[in-house]
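Sequence lines set the chain letters: A, B, ... in the order given, protein chains first and strands last, and positions in each chain run from 1.
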2 protein chains.
Amino acid sequence: MLDHAVQSLREHGVRMTPQRQAILEYLVTEHSHPTADDIYKALAARFPNMSVATVYNNLRVFKEVGLVQEMNYGDASSRFDFVTSKHYHIICDTCGKVVDFNYPVLDEIESVASQLTGFKVDRHRLEVYGTCPSCQSEQSQTH
Amino acid sequence: MLDHAVQSLREHGVRMTPQRQAILEYLVTEHSHPTADDIYKALAARFPNMSVATVYNNLRVFKEVGLVQEMNYGDASSRFDFVTSKHYHIICDTCGKVVDFNYPVLDEIESVASQLTGFKVDRHRLEVYGTCPSCQSEQSQTH
DNA sequence: TTCTTACATAGTAATCTTTATAAATAGTGT
DNA sequence: ACACTATTTATAAAGATTACTATGTAAGAA
């Protein structure tokens, strides 16, 4: 999976640097949906001199190659997800945790939207919001 | 519709001020999906001394009461939509225009997601992205 | 109507995220 | 090893949103 990603980058003429490798590794191994700052902090120990701009630059490169997907939730900062298979996200309103879940891809809504609006459709985005199990139990304890 | 909104605000103990009224009117009458700055600029003539903070404050109040929905697209700034009936949005990648379209509400995906993840589901969000008709014709002309 | 009080506004500063810039550094093919 | 160019670093800058405080004002009570 990581090898495949590196190969895909090489094919796009992208050079491999230690920082780039580390950011990519982090995205592949961590199944969280980190912000740019999460990544920056996580790699600070290994790369004390790394700039935040480097994180953003690489995330942009990964996005252009199609390895990574950027998402804006209600929060202030964007979250980045290494693209594996098609899945949707459910997000906890309380703690912000993001969990993947599988559901048949909604191709139909794209064609309907296209017919109704005249748009040329490229993609869609779907997210479910609610409260995760652990936050549910905390809330019931408090009450 | 505006009356109903004002009443709803009063019931929540929210005072009516000229600025608040104007922001609300703008959201109800304009069917665009304005940013906070759009609203600020649109009302600058009537309220030369109005602060941007006032726009943000009121949008937050409207959100808390449930009159307004905040959305983050790829852009830098959030967009605000007066909640009327259930509909979805299709967004132009080129010019950023947002158009409503009707589609049966996807209740099923909420229950599926809840079963798979154990979340207590509150709502979902779905957007379709593509190119609007006018941007399509411009692109074909250029080429 | 006048008074009172808490909420709202204006104005500004501050914060946070992201992008831009320029000089130094380092990959990669030859 | 060399040369070319992408990349990194460091910092500044931009842009959106929030925090803060003094002033003003809506709305109910007297």
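- A:D37 has its CG atom 13 Å from the C1' atom of C:dT15, to the nearest Å.
- Going from atom CZ of A:F80 over to atom C1' of C:dT17 covers 10 Å, rounded to whole Å.
- Across all strands, B:R10 comes closer than 4.0 Å only to sugar-phosphate atoms, never to a base (heavy-atom distances).
- Residue A:Y56 has no polar side-chain atom (N or O) positioned under 4.0 Å from OP1 or OP2 of C:dT19.
- For the pair B:I23 and B:V55, the tightest heavy-atom approach, listed with the atom from each and the gap, is CD1-CA, 3.9 Å.
- In this structure a side-chain-to-backbone donor-acceptor pair under 3.5 Å is missing from A:T54 to A:M50.
- With hydrogens and angles ignored, the 3.5 Å screen pairs no side-chain donor or acceptor of A:S114 with any backbone N or O of A:E110.
- A:T29 places a side-chain N or O within 3.5 Å of a backbone atom of A:E25 that can act as its donor or acceptor partner.
- Between the side chain of B:R79 and the backbone N or O of B:H33 there is at least one donor-acceptor pair closer than 3.5 Å.
- To the nearest angstrom, P of C:dT19 lies 8 Å from CZ of A:R60.
- The pair B:D93-A:K120 does not meet the salt-bridge criterion, since no charged nitrogen lies less than 4.0 angstrom from a carboxylate oxygen.
- Scanning DNA chain D 5' to 3' for nucleotides with an atom closer than 4.0 angstrom to a non-hydrogen atom of chain B gives a first and last hit of D:dA16 to D:dA27.
- Taking every heavy atom of both residues into account, B:Y26 and B:A42 meet most closely at CE1-CB, 3.4 Å.
- Side-chain atoms of B:Q136 come within 3.5 Å of backbone atoms of A:G118 as a donor-acceptor pair (strictly under, hydrogens ignored).
- As rounded to whole Å, 16 Å separates atom C1' of C:dT18 from atom CZ of A:R79.
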Open item on the list: For nucleotides 3-13 of chain C, give me one character per nucleotide, 5' to 3': B if any protein heavy atom sits under 4.0 Å from the base, S if the only such contacts are to the sugar-phosphate, - if neither.
Closed with: ---BBSSBB--

